[in-house]
Amino acid sequence: MVNHKAPFRVLAIFGTRPEAIKMLPLVKALKEDPRFACRVAVTAQHREMLDQVMEIFNVTADYDLNIMAPGQTLYDITARAVKGLEKVLEQSSPDLVLVHGDTSTTFIGALAAFYGQIPVAHVEAGLRSGNKYSPFPEEMNRRLTGVIADLHLAPTVTAKTNLMQEGVEEGRIYITGNTVIDALQWAVRQPCPPTEDTRRVDELLKKMLDQGHLSRLLTVTCHRRENLGKPMEEIFHALRRLAEDFDDVAVVFPMHKNPAVRRPAQEILADHPRILLTEPMEYLQFAHLMDKSYLILTDSGGLQEEAPALGKPVLVLRNNTERPEAVSAGTAMLAGTDRHSVYTKAARLLLDKSAYLAMAKAVNPYGDGQACRRSIDAIARWARL
């Protein structure tokens, strides 16, 4: 990279709530650094959930493609986003495009930048599950983005190793930690306005205490495409059995908007008095919900990183993970989707205090809340500012 006079123009592209949570702390830090001029383009691959996070972080998009449509497919997202980004890149003329993680917006943003011959920096680079169809389409999104990217901001040593094994030059890889830890540490320090759903959670926990029970909260997220159908039904049956067998357990499941998630959740879980099905929570409310939880069960990637930062063990509702560092460190455990496996692994953590504490006290491999600073230092070095 040649020497460049400041301000160095960065265009951050994202489109979903998880991307926004991880990118916005970095965007805010870039905006505060006089060496950079940072603009934001959103595809709004997710609309409502994305807007909530943007409002919390007090960041406004400079470009909003607003591509979300009912029943949209991967084909629809790709076609609308790549065409919309063509115009955005022409108007903004960035020196660097910044994308994050593994969504369709991530790959499309990198592809559009490549078409415009604009360098790409990939935040949370190098995660790999080893199976191109699991998670789908995320595994191929991040692999293809990695081929295009010029600068790789890897969260861990394992992620760096993955990239080097794929032929990426070591000098283009920087280990930064994960920006989600920066976001989470900020979020749990913020005041959290109550909502109808958070009041329902508090009322249930209080009722359990009034009845003489301890109240251990299990927070659940489950939405991945590969879990739709039979795997998700198996997971929900395991959750119901946990609530039935442990009087001190309450289960809270903020349901994804996808009807294929909501339908089985309501059929299998809705009528149990200690299982709460809620709407998706805004980021602050969900961060505080995790903070008061005993155990997290999730098929999300990001929660495998976030929950250990709060000392919460994670059961991963998948058969593999692109975040093996969490499993190796002991902060997360693969539970699969079979109802017996999910139930058995969760029950052990509820019954065996030493097993629980071993996970709760394990060191989070995803960083110390300084990933944004390291990422900006890496971009500055790469750009020779």
Side-chain angles (χ1 to χ4, degrees), residues 9-24 26-27 38-94 96-118 120-124 135-149 221 223-226 228 255-262 279-283 300-302:
R9 298 184 303 275
V10 177
L11 179 68
I13 300 175
F14 51 91
T16 69
R17 166 178 154 146
E19 285 173 287
I21 290 169
K22 295 183 177 185
M23 282 281 265
L24 286 172
L26 181 54
V27 165
C38 182
R39 290 187 172 185
V40 172
V42 297
T43 63
Q45 179 184 333
H46 296 169
R47 178 78 272 174
E48 181 182 349
M49 293 187 289
L50 172 69
D51 291 344
Q52 291 171 357
V53 179
M54 298 286 285
E55 183 177 348
I56 289 168
F57 282 93
N58 195 28
V59 173
T60 302
D62 299 283
Y63 308 94
D64 189 337
L65 302 186
N66 194 27
I67 67 168
M68 185 173 178
Q72 65 187 4
T73 67
L74 293 173
Y75 301 101
D76 298 326
I77 292 169
T78 302
R80 287 197 294 267
V82 76
K83 193 62 182 174
L85 287 173
E86 177 186 12
K87 296 178 182 178
V88 170
L89 293 172
E90 288 174 355
Q91 293 172 13
S92 59
S93 299
L96 180 72
V97 163
L98 196 66
V99 296
H100 174 278
D102 55 20
T103 70
S104 296
T105 291
T106 306
F107 169 56
I108 297 161
L111 182 64
F114 168 72
Y115 286 160
Q117 298 187 36
I118 301 164
V120 173
H122 188 194
V123 181
E124 197 182 78
F136 175 84
E138 289 85 357
E139 176 71 4
M140 283 309 295
N141 285 339
R142 55 185 169 236
R143 285 200 214 177
L144 293 169
T145 301
V147 173
I148 293 172
T221 72
H223 68 276
R224 286 200 179 274
R225 283 183 176 87
E226 63 266 29
L228 296 179
M255 294 183 295
H256 196 276
K257 292 289 189 181
N258 189 339
V261 175
R262 289 175 169 247
E279 291 303 311
M281 292 188 183
E282 295 186 14
Y283 180 56
S300 165

Separation between [atom1] of [X] and [atom2] of [Y], rounded to the nearest 0.5 Å:
{"X": "Arg39", "Y": "Thr60", "atom1": "CZ", "atom2": "OG1", "result": "13.5 Å"}
{"X": "His100", "Y": "Thr16", "atom1": "NE2", "atom2": "OG1", "result": "8.5 Å"}
{"X": "Tyr283", "Y": "Ile56", "atom1": "OH", "atom2": "CD1", "result": "8.5 Å"}
{"X": "Asn258", "Y": "Leu228", "atom1": "CG", "atom2": "CG", "result": "5.5 Å"}
{"X": "Leu111", "Y": "Ser104", "atom1": "CG", "atom2": "OG", "result": "12.0 Å"}
{"X": "Leu85", "Y": "Ile108", "atom1": "CG", "atom2": "CD1", "result": "8.0 Å"}

Just wondering, do [Y] and [X] contact through their side chains at under 4.5 Å, heavy atoms?
{"X": "Phe14", "Y": "Met54", "value": "yes"}
{"X": "Ser92", "Y": "Asp62", "value": "no"}
{"X": "His223", "Y": "Met255", "value": "no"}
{"X": "Ile67", "Y": "Ile77", "value": "yes"}
{"X": "Pro135", "Y": "Arg225", "value": "no"}
{"X": "Val40", "Y": "Tyr63", "value": "no"}
{"X": "Leu26", "Y": "Leu98", "value": "yes"}
{"X": "Val123", "Y": "Met23", "value": "yes"}

Locate the shortest heavy-atom distance separating [X] from [Y]; write the atom from each residue and the value.
{"X": "Ala44", "Y": "Asp64", "value": "CB-OD1, 3.9 Å"}
{"X": "His122", "Y": "Ala149", "value": "CB-CB, 3.9 Å"}
{"X": "Gly109", "Y": "Ile13", "value": "CA-CD1, 4.2 Å"}
{"X": "Ile118", "Y": "Pro94", "value": "CG2-O, 3.7 Å"}
{"X": "Asp76", "Y": "Gly71", "value": "OD2-O, 4.3 Å"}
{"X": "Ala112", "Y": "Val82", "value": "CB-CG2, 4.4 Å"}

task = Any chance you could lay out the side chain to side chain contact (heavy atoms under 4.5 Å, CB included) test for Arg17 and Ile21, step after step, and finish with the verdict?
result = CA-CA 6 Å; Arg17 166 178 154 146; Ile21 290 169; 3.9 Å; yes
message = Could you go through Glu55 and Glu282, starting from their C-alpha distance and side-chain angles, then the distance that decides it, and tell me whether this counts as side chain to side chain contact (heavy atoms under 4.5 Å, CB included)?
response = CA-CA 10 Å; Glu55 183 177 348; Glu282 295 186 14; over 6 Å; no
Closer than 4.0 angstrom, basic N to acidic O: yes or no for [X] and [Y]?
{"X": "Glu138", "Y": "Arg142", "result": "no"}
{"X": "Arg262", "Y": "Glu279", "result": "yes"}
{"X": "Glu86", "Y": "Lys83", "result": "yes"}
{"X": "Lys22", "Y": "Glu19", "result": "no"}

ask   = Are any side-chain N or O atoms of Arg9 and backbone N or O atoms of Ser93, one a donor and one an acceptor, separated by less than 3.5 Å?
value =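 Yes: the side chain of Arg9 pairs with the backbone of Ser93.
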task = Output yes when a side-chain donor or acceptor of Asn141 lies under 3.5 Å from a complementary backbone atom of Phe107, and no otherwise.
result =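 No; zero donor-acceptor contacts below 3.5 Å.
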key: Partner set under ring pair (Phe, Tyr, Trp, His ring centres under 6.0 Å) for Phe114, not counting sequence neighbours   =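 In terms of ring pair (Phe, Tyr, Trp, His ring centres under 6.0 Å), with neighbours along the sequence ignored, Phe114 is linked to no residue.
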Non-neighbouring partners of Asp51 that pass side chain to side chain donor-acceptor pair (under 3.5 Å), sequence neighbours left out =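 Once residues adjacent in sequence are excluded, the partners of Asp51 under the side chain to side chain donor-acceptor pair (under 3.5 Å) criterion are Arg47.
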task = Decide whether Thr43 and Thr105 meet the rule of one side-chain donor and one side-chain acceptor closer than 3.5 Å.
result =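 Yes, Thr105 and Thr43 have a side-chain donor paired with an acceptor closer than 3.5 Å.
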